Chemist: 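Can you keep this structure in mind? I'll have questions shortly.
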Amino acid sequence: MSELLVFGHKSPDTDSIMSSLVMADLEKFLGNDTTIACRLGEINKETTYALNYFKVEVPQFIESISEGTKVILVDHNEFTQSANGIEKAKIMKVVDHHRICNFQTTEPLFYMAEPVGCTCTILYELYVMNNIEIKPTIAGLMLSAIISDTLLLKSPTTTIKDIKAVEELAKIANIDYRVYGLEMLKAGTDLSDYTAEELINLDAKLVDMNGNNVKIAQVNTVAIEDVLKYQTDIEKAINKIIEEENLDLFMFIITDIVNSNSEAIVLGKRTDMVEKAYNVKLENNKAFLPGVVSRKKQVLPVLQENA
Ligand code: MN
Ligand code: MN
């Protein structure tokens, strides 16, 4: 049997990494022994914390895939966010919780999408549906992903299914998810040793909005002003990327995970999209966005409407 690669999106977050590892485990039970968990970029500090905690190794890094490779996509479906060469891969399965965009295959596939807070919530359901036992380590990985994507069940993307999954998984992993979750999220807010360039690429997503090339990056912090200290350098890095990647808009969202607000640094020729979407006037290329924490639910759709 040829190997089957499973990976999440570029600029991987905790959900993309954990979903790959968990999906590879699930596939073993479903009869695919040759599934390999992969990643498309460097892992962040939050994910590192979680992997170390549960003593699980980082998935293998791949840059691109060759024609005809069998793959499973988790935590994404848009080709702009996927592995280089994805157009010519054989997509066997997709498990995701994002909008479906510019996605097509030539052959039938397994596609499971649900508007829940995290891909791992859907994977949890797949274990239950298939009556497969969840090992404590796998439970810990799924739990970490759900806590990450929902900001400890506080994000507006959180559903009753996410809450139920977290409660069940915490029992299996035998941990106090509130204590563990806060420590894990805090590990991810340590941005001190990143360069401005790294900062804007930690969690960046390229999306097409009515023909506009839009990149939206996000970082979590416990103090927005700590990040804004580097605004000049951050803007320089953003302007460089706008030039190199021919972007129409770059939005860098700095999210305060304690107070659930964000500040955005916005550059490019379509900054009007952000001004219209939130009914704000940018000052010094910045806008404060009260209550905004979710790119998926509170940024992407409103920008799209104003593209
Ligand atoms: Mn993700
Ligand atoms: Mn996700």
Side-chain angles (χ1 to χ4, degrees), residues 6 8-9 12-30 37 46-47 49-51 53-54 56 72-77 93-100 110-188 218 220 255 257-258 260 291-298 300-301:
V6 45
H9 51 77
D13 53 14
T14 300
D15 188 22
S16 268
I17 297 295
M18 301 321 189
S19 291
S20 307
L21 291 163
V22 171
M23 188 78 200
D25 178 76
L26 184 64
E27 282 297 307
K28 261 181 236 146
F29 291 100
L30 298 174
E46 181 195 274
T47 314
Y49 177 93
L51 289 176
Y53 189 96
F54 292 104
V56 172
I72 296 177
L73 308 186
V74 287
D75 198 35
H76 76 297
N77 67 80
K93 295 188 183 188
V94 179
V95 181
D96 188 25
H97 66 132
H98 293 87
R99 69 170 187 172
I100 300 172
F110 175 95
Y111 198 117
M112 187 148 171
E114 275 190 87
V116 291
C118 182
T119 304
C120 277
T121 300
I122 310 173
L123 291 174
Y124 167 72
E125 290 184 317
L126 281 171
Y127 277 89
V128 175
M129 276 164 56
N130 288 290
N131 212 3
I132 298 167
E133 193 199 340
I134 303 172
K135 288 170 286 192
T137 302
I138 293 292
L141 299 183
M142 286 197 265
L143 185 67
S144 303
I146 304 172
I147 288 166
S148 168
D149 264 13
T150 64
L151 294 175
L152 244 177
L153 306 175
K154 281 198 312 187
S155 164
T157 55
T158 311
T159 67
I160 187 79
K161 287 184 174 180
D162 301 299
I163 298 168
K164 284 218 171 106
V166 162
E167 285 168 354
E168 286 307 312
L169 292 167
K171 273 186 228 158
I172 300 169
N174 193 24
I175 54 171
D176 181 334
Y177 74 85
R178 288 185 188 85
V179 175
Y180 166 76
L182 205 58
E183 285 307 308
M184 186 200 75
L185 288 175
K186 267 205 269 172
Q218 186 171 27
N220 290 340
T255 299
I257 59 165
V258 178
S260 300
V292 173
V293 295
S294 166
R295 172 172 48 198
K296 189 189 286 110
K297 211 159 182 169
Q298 297 170 298
L300 283 169

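Hydrogens, waters and symmetry mates are skipped; everything else that's a heavy atom, side chains included, is used. These figures come from a predicted structure and were not determined experimentally.
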Chemist: Check this for me: does any side-chain nitrogen of one of Lys164 and Glu167 sit under 4.0 Å from a carboxylate oxygen of the other?
Modeler: no
Chemist: Stepwise, does the side chain to side chain contact (heavy atoms under 4.5 Å, CB included) test hold for Asp25 with Tyr127?
Modeler: CA-CA 10 Å; Asp25 178 76; Tyr127 277 89; 2.6 Å; yes
Chemist: Rounded at 0.5 Å granularity, tell me how far OH in Tyr53 sits from CE in Met184.
Modeler: 11.5 Å
Chemist: State which residues pass ring pair (Phe, Tyr, Trp, His ring centres under 6.0 Å) with Phe110; sequence neighbours excluded, sorted by chain then number.
Modeler: none
Chemist: Determine, stepwise, if the pair Leu152 / Leu182 fulfils side chain to side chain contact (heavy atoms under 4.5 Å, CB included).
Modeler: CA-CA 7 Å; Leu152 244 177; Leu182 205 58; 4.0 Å; yes
Chemist: Any sub-3.5 Å donor-acceptor pair from Ser148's side-chain atoms to Ser144's backbone N or O?
Modeler: no
Chemist: Classify the angle between the aromatic ring planes of Tyr180 and Tyr49 as parallel (below 30°), tilted (30 to 60°) or perpendicular (above 60°).
Modeler: tilted
Chemist: Identify which one of Val166, Leu169, Thr158, Val116 satisfies the side chain to side chain contact (heavy atoms under 4.5 Å, CB included) criterion when paired with Thr121.
Modeler: Val116
Chemist: For the residue pair Ser294 and Thr157, what are the closest heavy atoms and their distance?
Modeler: OG-CG2, 3.2 Å
Chemist: Might you confirm whether atom CG of Asn130 has over 12 heavy atoms from other residues, nucleotides or ligands at distances under 6.0 Å?
Modeler: yes
Chemist: Backbone N or O of Val6 within a donor-acceptor pair of the Lys93 side chain at under 3.5 Å?
Modeler: no
Chemist: Nearest 0.5 angstrom please: Ser19 OG to Ile72 CD1, how far?
Modeler: 11.5 Å
Chemist: Report the C-alpha distance between Thr14 and Asp149 in whole Å, list the side-chain angles of each, state the deciding distance to 0.1 Å, and finish with yes or no for side chain to side chain contact (heavy atoms under 4.5 Å, CB included).
Modeler: CA-CA 8 Å; Thr14 300; Asp149 264 13; over 6 Å; no
Chemist: Does Gln218 use its side chain to pair, donor to acceptor, with the backbone of Val293 at less than 3.5 Å?
Modeler: yes
Chemist: For the pair Leu51 and Met18, evaluate side chain to side chain contact (heavy atoms under 4.5 Å, CB included) and give the outcome as yes or no after the intermediate values.
Modeler: CA-CA 9 Å; Leu51 289 176; Met18 301 321 189; 3.8 Å; yes
Chemist: Measure the spacing between OG1 of Thr119 and CD of Glu114 and express it to the nearest 0.5 Å.
Modeler: 10.5 Å
Chemist: Give, for atom CD of Glu133 and atom CD1 of Ile172, the distance between the pair rounded to the nearest 0.5 Å.
Modeler: 8.5 Å
Chemist: Which value, rounded to the nearest 0.5 Å, describes the distance between Ile122 atom CD1 and Met129 atom CE?
Modeler: 11.0 Å
Chemist: Keeping the roles fixed (side chain from Asp75, backbone from Asp15), state whether a donor-acceptor pair exists under 3.5 Å.
Modeler: no
Chemist: When you check the side-chain N and O atoms of Ser155 and Thr150, is any donor under 3.5 Å from an acceptor?
Modeler: no
